[in-house]
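Okay, so here's the structure we're looking at.
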Amino acid sequence: MEIQKTIERVPGGLMLIPLLLGACVHTFAPDAGKYFGSFTNGLMTGTVPILAVWFFCMGATINLKATGVVLKKSGTLVVTKILVAWVVAMVATRFLPPGGIQTGLFTGLSVLALVTAMDMTNGGLYAALMQQYGTQEEAGAFVLTSIESGPLVSMLILGATGVAVFEPRLFAGAVLPFLIGFALGNLDANLREFFGRCVHPLIPFFGFALGCSIDLGVIAKSGFTGVFVGVAVIIVTGIPLILADKFIGGGNGTAGLAASSTAGAAVANPQIIGTMVPELKSMADSATAITATACLLTAILVPILTAMWARKHGRRQQVSATAPSPVASAAGSPPKLAQDGHF
């Protein structure tokens with residue numbers, strides 16, 4: 001049975017399918033974790049510790065020895081994505097109620113949902129698209145997308161816009177595992193490769209644990225809003241990313257469009273932030289459902305749009321399917337680590 005290959009045919013399937021399974025468990029047997037207790041309950045309720053290990057391993061995969069061109073391309077895309085999410089948050093705080101929209105067509109829409117859907121790029125999807133339509137440097141530009149991993153960037157944006165107040169120790173706590181992994185991965189290439197192997201296998205575990213906190217009824221209620229946000233992610237972040245890629249990154253816009261997606265790992269952020277800020281807790285479930293829908297939708301549409309853009313504008317150099325990524329080569333890890341958990 002080729003279960004893994006079947007799951008991977010679904011965009012973001014390694015994250016989304018376990019998440020949906022967990023949501024089914026929570027919807028139809030909400031007390032299953034407490035009933036079985038022990039390790040089963042730990043697996044179903046362990047989103048934060050599982051993610052803590054994943055963030056540590058993600059940090060270890062970043063290699064400071066990446067070429068300057070790769071770092072320039074990475075930095076351009078990451079900074080643009082974050083700035084756009086910040087501007088969206090600033091605008092949304094003026095028009096959306098503090099607790100989000102509770103009724104009507106846009107039920108569940110909140111600043112929390114918009115920020116978590118827009119501030120993280122699907123790194124694995126980006127790397128795969130650039131392997132087909134980009135240059136080697138563009139394919140390796142996923143190197144800094146790991147910085148967006150976890151709730152830190154979302155926390156910074158929400159704090160800067162006044163949506164939430166985070167104590168400094170919470171910022172430190174959110175980024176410390178990532179920084180320790182980053183330090184160890186750059187001090188020892190063997191550790192980078194060792195911890196890097198854990199990034200991909202951990203994804204279904206935190207996906208399932210996260211799903212065990214979601215009611216399918218919430219997903220049904222926020223279905224249209226999730227589609228709306230997914231389309232908005234592509235348009236609102238895609239246009240600035242294309243422009244930044246062309247005028248700062250030296251590309252022709254293909255890399256920018258390929259980065260206009262929602263990361264699978266972003267699905268976990270609303271719940272994590274909700275545990276830190278009680279006033280955001282009530283929005284966490286709907287924000288999670290909206291982000292998950294946006295992740296799936298962008299994973300389907302972004303490859304189609306990127307292929308159309310690349311055919312129209314042409315590529316200076318197509319990456320060979322067998323050519324090693326400059327980042328992967330420098331890291332001493334296999335190319336498959338480009339699938340960095342963002343999908």
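For the single chain, residues carry numbers from 1 onward in sequence order.
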Any idea which heavy atoms bring [X] and [Y] closest together, and the distance?
| X | Y | result |
| --- | --- | --- |
| Ala52 | Pro177 | O-CB, 3.9 Å |
| Pro18 | Pro204 | CB-O, 3.4 Å |
| Ser154 | Asn269 | OG-ND2, 3.7 Å |
| Arg192 | Asn186 | NH2-CA, 3.7 Å |
| Gly230 | Thr298 | O-CG2, 3.5 Å |
| Thr80 | Thr76 | OG1-O, 2.7 Å |

Determine whether [X] and [Y] fall in the same hydrophobic cluster, where Ile, Leu, Val, Met, Phe, Trp and Tyr are linked whenever their side-chain heavy atoms lie under 4.5 Å apart.
| X | Y | result |
| --- | --- | --- |
| Phe194 | Ile203 | no |
| Leu191 | Leu187 | no |
| Ile50 | Phe39 | no |
| Leu114 | Phe106 | yes |
| Ile239 | Leu129 | yes |

What is the distance from atom [atom1] of [X] to atom [atom2] of [Y], rounded to the nearest 0.5 Å?
| X | Y | atom1 | atom2 | answer |
| --- | --- | --- | --- | --- |
| Lys246 | Thr254 | NZ | OG1 | 9.5 Å |
| Gln102 | Leu109 | CD | CG | 11.0 Å |
| Gln271 | Thr116 | CD | OG1 | 10.5 Å |
| Trp309 | Asn252 | CH2 | CG | 8.0 Å |
| Leu280 | Ser110 | CG | OG | 8.0 Å |
| Ile157 | Met118 | CD1 | CE | 10.5 Å |

I want to check something: taking the side chain as every heavy atom from C-beta on, are [X] and [Y] in contact at a cut-off of under 4.5 Å?
| X | Y | value |
| --- | --- | --- |
| Val236 | Val88 | yes |
| Phe208 | Leu19 | no |
| Leu77 | Tyr126 | yes |
| Leu257 | Leu241 | no |
| Leu184 | Phe56 | yes |
| Tyr35 | Asp31 | no |

Tell me if a side-chain donor or acceptor on [X] pairs with a main-chain N or O of [Y] at a distance below 3.5 Å.
| X | Y | value |
| --- | --- | --- |
| Thr61 | Gly196 | no |
| Trp86 | Leu156 | no |
| Lys81 | Ala259 | yes |
| Thr262 | Ala117 | yes |

Could you go through the side chain to side chain contact (heavy atoms under 4.5 Å, CB included) check for Val163 and Leu112 one step at a time?
CA-CA 8 Å; Val163 176; Leu112 178 63; over 6 Å; no

By salt bridge (charged side-chain N to carboxylate O under 4.0 Å, His left out) - contacts of Arg169 (at least two apart):
Glu167

Kindly write out the residues that satisfy ring-ring contact (aromatic ring centres under 6.0 Å, His included) with Phe36, not counting sequence neighbours, or none if the list is empty.
none

Thr93 and Thr161: side-chain donor and acceptor closer than 3.5 Å?
no

Tell me, yes or no, whether the heavy-atom count around Lys34 atom NZ, taken from other residues, nucleotides or ligands under 6.0 Å, exceeds 12.
no

Considering residues, nucleotides and ligands other than Glu279, do more than 12 of their heavy atoms fall under 6.0 Å from its CD?
yes

Before giving the answer on side chain to side chain contact (heavy atoms under 4.5 Å, CB included), spell out for Ile82 and Val78 the whole-Å C-alpha distance, their side-chain angles and the decisive distance to 0.1 Å.
CA-CA 6 Å; Ile82 293 173; Val78 168; 3.8 Å; yes

Check the pair Leu305, Ile234 against side chain to side chain contact (heavy atoms under 4.5 Å, CB included), reporting the backbone distance first and the verdict last.
CA-CA 10 Å; Leu305 296 173; Ile234 297 174; 3.7 Å; yes

Between Leu152 and Phe178, does the side chain to side chain contact (heavy atoms under 4.5 Å, CB included) criterion hold? Intermediate values first, please.
CA-CA 10 Å; Leu152 179 63; Phe178 181 89; over 6 Å; no

Applying the side-chain contact (heavy atoms from CB on, under 4.5 Å) criterion to Pro151, which one of Leu158, Ile272, Asp119 satisfies it?
Ile272

